[in-house]
Amino acid sequence: MIVLKHAKDYNEMSKMAYSFVKNVVKNNENAVLGLATGSTPIGLYKEMIADYNAGEVSYKNMVSINLDEYVGLPVEHPESYRSFMNTNLFNHVDIDKANTHVPNGLAENVEEACKEYTDFIKAHPIDIQILGIGANGHIGFNEPGTPFGSTTHLVELKEKTRLDNARFFEGDINKVPTHAVTMGLQDIMEAKQILLLASGANKAEAVRDMVYGPISPDCPASVLQLHENVIVVVDEAAGYYLKA
Ligand code: PGA
């Protein structure tokens, strides 16, 4: 079941989102956090850091598992998702980096690395999975057409996704990697709770299709209609088509 939460703007969306994360991290010092990259969760991570600095929460014994990573970018590249997570969250809280997991985009045997990632997720059930949504309805890098039964896998990125992300690569689509490794839709659906955030008018149609559309791989996020515990926090622009 999807529960909708309406925020005024990005800032309020981030604060609302943190209230759900806080509920998990305050009550379980061993929580397993499913984390996402992109512009959307940055405000949420700022809230997590501020509350950590206020002495409210310790991440010392927590585990994190990220959704996806580009293929072929060195880990220290500023746009690798490992760098993103270090910069936007891990460097600012007391989580043990050894317990933070991001798919390996440089594995020699990608298939084997993907299988290990899915096995790791199974062995460490995610308490709360944070998600953004792509303008085409993707979650993680599960692009339209991805089977609902997918586990961690290699994907070729759609041109639309690469264009959307070119802003992080000096606006040059040619600098955006062509492939990524992503948790599959089945891995995501195994999380105990899912918290999806969406901000901005360019997400409004994808949000509408996720919530009301047919449950179909054409809109990968529509699979969330089949999950028992999903919270979707939207700002006004992203929630444009939603009924109150
Ligand atoms: P964004 O990306 O947060 O940068 O908009 C979301 C996504 O593509 O999943």
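No hydrogens, no waters, no symmetry mates; every other heavy atom, side chains included, goes into these values. Counting convention: from 1, in listed order, for ligands and their atoms alike.
- Hydrophobic clustering, defined by side-chain heavy atoms of Ile, Leu, Val, Met, Phe, Trp and Tyr closer than 4.5 Å, groups L106 together with V75.
- Heavy-atom contacts of G38 reach the following atoms of ligand 1: 3 (O), 4 (O) (cutoff under 4.0 Å).
- Between H124 and F120, the ring planes are parallel. Angles under 30° get that label, and only those over 60° would be called perpendicular.
- Among the atoms of T37, none of the N or O lies under 3.5 angstrom from an N or O of ligand 1.
- Taking the six-membered ring where the residue is Trp, Y52 and Y59 present tilted rings, their angle falling between 30° and 60°.
- In this structure, atom 9 (O) of ligand 1 lies nearest to the protein heavy atom H138 NE2, 3.5 Å.
- Of the protein's heavy atoms, I133 O, 3.6 Å lies nearest to atom 6 (C) of ligand 1.
- When each atom of ligand 1 is checked for a heavy atom of R167 under 4.0 Å away, the hits are 4 (O).
- For ligand 1, the atoms lying closer than 4.0 Å to a non-hydrogen atom of T40 are 1 (P), 3 (O), 5 (O).
- Ring centroids of Y70 and F168 are separated by 6.0 Å or more, keeping the two rings apart.
- In this structure, a donor-acceptor pair under 3.5 Å is present between the side chains of D51 and Y18.
- For atom 5 (O) of ligand 1, the nearest protein heavy atom (residue, atom name, distance) is K203 NZ, 2.6 Å.
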